[in-house]
Amino acid sequence: RVNSSSNILAQKTINIGDPLGQGRFGRVFMAKEKSSGKIVALKVMFKNDLKEHKLEGQLKREIEIQCHLRHPNILRLYGYFHDKERVYLILEYAEKGELYKHLVKYALGYLNKKNVIHRDIKPENLLLTANGIVKISDFGWAVHVPSNKQNSRRMTFCGTLDYLAPEMVMMSSHDAKIDSWALGILCYEFLIGTPPFADMDSEVETCNRITKVDLKLPDNISLEAKDLIQSLLRYEPELRLPVEKIATHPTKVEIKRAYS
Ligand SMILES: Cn1ncc2ncnc(NCCc3cnc(NC(=O)Nc4cccc(C(F)(F)F)c4)s3)c21
């Protein structure tokens, strides 16, 4: 419970509810103004934090600017108050929260059911219709992940994705040269310790790196090994060294030594 003077004359009581978000300089809570029952968002910032980063002036400016703005597409700042340690912004409550998170939760859930990965969600690809409906657009980077793999999503996306060749990720036709690719991944991982296109944060990023063959070879492997890996990790399946030719490639010795 925070006794607040949300404007000069009236004394209002605000009950603080669930947290809505965590920013760099403070947290946002749902709050209810007691007498009117009005739901607002309350941004709470610590004075020390703002002082430390010399941001008091900037906050004053934000309050001055936003207090005078009245527009259906601009979040209202109703007012502010402070106590010994904190400054509170009383904000209009946007119940669907952050657009991006809302989209990911609803629209991507649908794409997931349809076994489609968009792979390029970004602000430019979020369009607005006349009545303010947000649309995810541009499926230029989308892939259709085979549904049998869908249920073992964790399985598909933790580790095993690293071995998928571009044509697999793009779900276009593929042939035995898939194995040449996978062997290239294996050689790389044997020598370097991790698969070449792994991206800890996002499977989608791994997909992108695979389809772009975003290969970075470290200097501490021999030219032969580099040659072998580069001749296997070719985007065009027909250009990859066929599996039978690998056996006679000079770098075999090095991999054996690496694992002896
Ligand atoms: C998450 N979420 N879900 C629903 C919902 N409904 C409303 N609001 C939400 N979130 C709060 C959005 C904000 C609006 N205005 C802000 N203003 C600010 O954060 N200002 C600010 C911060 C730090 C430092 C400075 C300074 F000092 F540098 F100026 C200024 S944050 C909601």
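Atom set for the values below is all heavy atoms of this structure, side chains included, hydrogens, waters and symmetry mates excluded. Note that the structure is predicted; figures quoted are calculated from it, not measured.
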Checking side chain to side chain donor-acceptor pair (under 3.5 Å) for the pair Glu33/Ser36: CA distance, chi angles, key distance, verdict? CA-CA 6 Å; Glu33 199 283 304; Ser36 64; 2.6 Å; yes
Does the pair Phe81 and Leu42 meet the rule for a side chain to side chain contact (heavy atoms under 4.5 Å, CB included), with working shown? CA-CA 10 Å; Phe81 56 95; Leu42 205 63; 4.0 Å; yes
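In this structure, Asn15 and Lys34 have side chains that are in contact, with non-hydrogen atoms separated by less than 4.5 Å. Within the 4.5 Å cutoff, side-chain heavy atoms of Arg76 are placed close to those of Arg70. Annotation: side chain of Ile90 is not in contact with side chain of Tyr80 (no heavy-atom distance under 4.5 Å). The closest side-chain heavy-atom distance from Leu215 to Leu217 is below 4.5 Å. Residues Tyr88 and Ile14 have side chains not in contact (no heavy-atom distance under 4.5 Å, counting atoms from C-beta outward). Here the side chains of Leu20 and Arg27 are not in contact, with every heavy-atom distance at 4.5 Å or above. Between Ser222 and Glu224, some side-chain heavy-atom pair lies under the 4.5 Å cut-off. The shortest side-chain heavy-atom distance between Gln22 and Val28 does not fall under the 4.5 Å cut-off.
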Check: residues 48-60 side-chain donor-acceptor pairs under 3.5 Å, at least two apart:
| unit_1 | atom_1 | unit_2 | atom_2 | d |
| --- | --- | --- | --- | --- |
| His53 | ND1 | Asp49 | O | 3.0 |
| His53 | NE2 | Arg24 | NH2 | 3.4 |

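Between the Gln66 side chain and the Leu75 main chain, a donor and an acceptor come within less than 3.5 Å of each other. Distance alone, capped at 3.5 Å, places no donor-acceptor pair between the Arg234 side chain and the Arg240 backbone. With hydrogens and angles ignored, the 3.5 Å screen pairs a side-chain donor or acceptor of Arg209 with a backbone N or O of Ala198. In this structure, the side chain of Glu236 does not engage the main chain of Leu239 through any donor-acceptor pair within 3.5 Å.
In terms of heavy-atom proximity, Cys67 sits nearest to Leu77 at SG-O, 3.8 Å. For Thr129 against Lys135, the heavy-atom pair with the smallest separation is CG2-CE, 3.3 Å. The two atoms that bring Asp214 and Lys216 nearest to each other are OD1-NZ, 3.1 Å, heavy atoms only. Of all heavy-atom pairs between Ile210 and Leu164, the closest is CG2-O, 3.2 Å. Nearest heavy atom pair, residue Leu241 against residue Leu232, reads O-CD2, 3.6 Å.
Clustering ILVMFWY residues whenever any of their side-chain heavy atoms sit less than 4.5 angstrom apart, transitively, puts Ile133 in a cluster other than the one holding Leu127. In the hydrophobic cluster analysis, where Ile, Leu, Val, Met, Phe, Trp and Tyr join through side-chain heavy atoms closer than 4.5 angstrom, Tyr235 is grouped together with Ile229. Follow the hydrophobic side-chain contacts under 4.5 Å out from Phe46 and you never reach Ile16; the two are in separate clusters. No chain of hydrophobic side-chain contacts below 4.5 Å, direct or via other Ile, Leu, Val, Met, Phe, Trp or Tyr residues, connects Ile74 to Leu91.
Trp181 and Tyr188 have their aromatic ring centers separated by at least 6.0 angstrom.
Among residues two or more places apart in sequence or in another chain, the salt bridge (charged side-chain N to carboxylate O under 4.0 Å, His left out) test is passed with Arg86 by Asp83.
Counting non-hydrogen atoms of other residues, nucleotides and ligands closer than 6.0 Å to NZ of Lys32 gives a total of 12 or fewer. Enclosure of atom CD in Glu95 is not indicated, since only 12 or fewer non-hydrogen atoms of other residues, nucleotides or ligands lie within 6.0 angstrom. Atom CG of Asp219 has 12 or fewer heavy atoms from other residues, nucleotides or ligands within 6.0 Å.
Note on Glu92 versus Lys43: no salt bridge recorded, every NZ/NE/NH1/NH2 to OD/OE distance being 4.0 Å or above.
With values rounded to the nearest 0.5 angstrom, Leu223 atom CG is found 12.5 Å from Leu228 atom CG. For the atom pair Cys187 SG and Lys226 NZ, the distance stands at 15.0 Å (nearest 0.5 Å).
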